[in-house]
Amino acid sequence: MILSKQKPWEEILSYLDGENNVFILGCNGCAQASGTGGPAQVEEMKNKLGEIGKKITGSAVIDFLCEKALVKSRLRNKVEQLEAADSILVMTCGVGVQAVSAAVNKICHPACDTVNLGGSRGEWRGSERCLECGECLLDYTGGICPLTACTKGLINGQCGGASKGKCELDPEKDCGWELIYNRLKGLNQLNKLRRFIAPKDYSKMMPDVKIISTSHWALERTDQKEGG
Amino acid sequence: MSLQSVLESGKFVITAEVGPLKGTDTTEITEVAELLGGRVDATNVTDQQSSVMRLGSLATCYLLKQKGLDPVLQMTCRDRNRLALQSDLLSAYVLGVKNVLAITGDLPSLGDHPQAKPVYDLDSVQLLWVIKRLNEGYDMVDNELKGKPNFFPGAVVNPGADTEAAFELQLIKMEKKITAGARFFQTQAIFTVDTFAKFMKRAEGFSTPVLAGIIPLKSAGMARFMNKNIAGIFVPEELINKMATTEDRVRTGIEIAANTIKELKGMCQGIHIMAMGWEKRIPAILDAAGL
Ligand code: SF4
Ligand code: SF4
């Protein structure tokens, strides 16, 4: 899941400056879950832009806007509305905006900011988070991730700032290192904490070049074969 | 004498901290240097303390060195990646700065540039290990150095942890820092001698010198602020009352600091005064403490 939040209204308006005809796109995936680009928000945006005199040439909410093949096929019957528009306002994460830009030859404006999830996998109820660091330390920390449970992401032990078991940076939050200590103590494995953790190889935290440069959507390839 | 030789001589060590200001005016630093010369064994220079942008620690250390003081370069991991940290360490050494205090560092969100990107490529324990490697003549990926430094690395510890877990975690980390190369420790400010005694009982076994942190109280308000906002600092109500009722805050502040020093003297190898703007009163504190 990708989490997004709507940009400030003034910023959205500044993008549309001098453009009177707008096509609006939303997404039924993450943007709907984020409450930023589902059918309700697209409807609301239509009204708000209409009130200030913009002409909405059309709109659509697509299941997964991040998928170009789907975008192309769903917009096939909207060609006229798209052509009548000066630009497209895309109410999704950055991937959705880029997918529409790649699929349609029109100016695409982002209506949302994509926000960092801090390692959580979406609007999940649990507190476990993984930053995909590429060198998992969970064996040494008793199954609690120091990169995410400690606010500073310390991997060699507690800072000097914890107070009454809470984090110095957030008194509402348990100090991650005290959680780790108590877990290991319960497991009779406190000795693990004496180990020196060498500097991390942060290059392992960068995505593999192959992942950045290739699209793994089989569907997309099928679509290209069909000439879509 | 260098900090290292004073510590090795077994003499009670006195260090003090100076914080560079924001800007290029170094008048105050020079004045403080003149006052402290001959009174302290080494002078720490903070590294953009509390994540507030200021004149750099290295340049200030160099100025102090010129004035005849033995500077301690405080180095945080907040603003520099491993390349910059190693390079700045080599730079410090060629400028004659040998003592380094390795610190992880406060988050930028606490300072005056909360928009900054935090680095934390290394942490304090790893930085100590890197200093050890440089001393051995290698960078952290085992390339040989042409000309090797001879740093005297130190670290910090908080003796005032308030849960069993935090207390044990501080000791475990202290031991890790020693294994990674720390040769001395400077502590968070102490106001309750009992807490410190309890800590030293355990820390003594590490046989690494501990310099107890001293912050002179400037007012009752300052004491309350620290109690509320700074973890590991606990100023007892009795001292706050003294500050609140005194007619001469400066005299009482100096007295309290001097008394604490006297009580701590038998328990550790030295003291580290963090005067927070009262640098010019350090000589008076030392006089009152009989040092
Ligand atoms: S240590 Fe690394 S891989 Fe393991 S849970 Fe934490 S971030 Fe994920
Ligand atoms: S108080 Fe605990 S969780 Fe917070 S930064 Fe320090 S070690 Fe990490």
Side-chain angles (χ1 to χ4, degrees), chain A residues 116 118 131 133 135 137 140-142 144 146-171 173-206, chain B residues 77-78 81-82 85-86 103-110 118-130 132-133 140-141 155-181 187-189 213 227-234:
Chain A
N116 195 309
L131 283 184
C133 76
E135 295 176 316
L137 296 165
Y140 142 80
T141 53
I144 299 173
L147 271 80
T148 53
C150 165
T151 316
K152 289 188 199 157
L154 298 177
I155 58 177
N156 265 303
Q158 193 186 39
C159 75
S163 174
K164 301 191 178 68
K166 299 290 177 184
C167 174
E168 70 166 340
L169 296 158
D170 181 358
K173 180 179 173 289
D174 289 331
C175 166
W177 274 98
E178 298 210 16
L179 298 177
I180 292 170
Y181 176 90
N182 291 326
R183 172 83 54 89
L184 287 175
K185 191 177 175 196
L187 296 170
N188 208 9
Q189 294 210 305
L190 277 178
N191 256 336
K192 286 203 165 158
L193 291 182
R194 297 183 194 282
R195 203 177 110 205
F196 168 67
I197 306 298
K200 283 191 84 64
D201 180 350
Y202 282 104
S203 71
K204 291 192 178 151
M205 232 164 142
M206 306 296 279
Chain B
C77 300
R78 178 191 57 223
N81 68 8
R82 58 190 78 186
L85 286 168
Q86 292 180 95
I103 308 170
T104 299
D106 289 330
L107 278 178
S109 59
L110 302 173
V119 181
Y120 303 113
D121 192 16
L122 304 179
D123 62 28
S124 53
V125 183
Q126 295 162 346
L127 180 57
L128 286 162
W129 170 78
V130 168
K132 186 162 83 175
R133 283 305 281 157
M140 63 183 283
V141 287
V156 296
V157 64
N158 174 15
D162 58 5
T163 63
E164 181 223 304
F167 186 73
E168 295 299 329
L169 282 165
Q170 283 300 310
L171 286 161
I172 291 171
K173 197 161 181 182
M174 186 177 181
E175 206 177 350
K176 273 173 103 159
K177 286 178 173 177
I178 294 168
T179 312
T187 78
Q188 178 61 281
N227 276 354
K228 191 157 167 248
N229 297 300
I230 307 186
I233 292 194
F234 174 68

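Numbered from 1 within each chain, the chains take letters A, B, ... in sequence-line order.
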Could you look at [X] and say if it's the side chain, the backbone, both or neither that has a heavy atom under 4.5 Å from chain B?
X	result
Cys159(A)	backbone
Asn182(A)	side chain
Ile155(A)	both
Leu154(A)	side chain

Portion of [X] that has a non-hydrogen atom of chain A nearer than 4.5 angstrom:
X	value
Glu175(B)	side chain
Leu110(B)	side chain
Ala166(B)	both

Looking at Leu169(A), Asn156(A), Thr151(A), which makes the most heavy-atom pairs under 4.5 Å with chain B?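 Top option by heavy-atom pairs under 4.5 Å: Asn156(A).
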Pairs touching residues 180-191 of chain A that satisfy salt bridge (charged side-chain N to carboxylate O under 4.0 Å, His left out), sequence neighbours left out: Lys185(A)-Glu164(B)
Between the side chain of Lys176(B) and the main-chain N/O of Arg195(A), is any donor-acceptor distance below 3.5 Å? yes
Ignoring hydrogens and angles, tell me if any N or O in the side chain of Asp162(B) forms a donor-acceptor pair with the backbone of Ser163(A) under 3.5 Å. no
Could you tell me which residues in residues 121-128 of chain B have at least one non-hydrogen atom under 4.5 Å from a non-hydrogen atom of chain A, sorted by residue number? Asp121(B), Leu122(B), Asp123(B), Val125(B), Gln126(B)
Rounded at 0.5 Å granularity, tell me how far [atom1] in [X] sits from [atom2] in [Y].
X	Y	atom1	atom2	result
Ile230(B)	Glu168(A)	CD1	CD	10.0 Å
Glu168(B)	Leu190(A)	CD	CG	8.0 Å
Arg194(A)	Ile172(B)	CZ	CD1	5.0 Å
Thr104(B)	Lys152(A)	OG1	NZ	7.0 Å

Could you work out, with ring-ring contact (aromatic ring centres under 6.0 Å, His included) as the rule, every residue matching Trp129(B), not counting sequence neighbours?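 So Trp129(B) forms a ring-ring contact (aromatic ring centres under 6.0 Å, His included) with Phe196(A).
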Side-chain heavy atoms of Leu169(B) within contact of Ile180(A), under 4.5 Å: no
Beyond-backbone contact of Lys173(B) with Gln158(A), side-chain heavy atoms, under 4.5 angstrom: no
Tyr202(A): which residues meet the side-chain hydrogen bond (donor to acceptor under 3.5 Å, both in side chains) condition with it, sequence neighbours left out?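 Listed in chain order: nothing, the list is empty.
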Asn188(A), CG atom: more than 12 neighbouring heavy atoms under 6.0 Å: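 No, CG of Asn188(A) has 12 or fewer neighbouring heavy atoms, counting only those of other groups under 6.0 Å.
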Is it the case that over 12 heavy atoms from other parts of the model lie below 6.0 angstrom from the NZ atom of Lys173(A)?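 Counting neighbours around NZ of Lys173(A), more than 12 heavy atoms of other residues, nucleotides or ligands fall under 6.0 Å, so yes.
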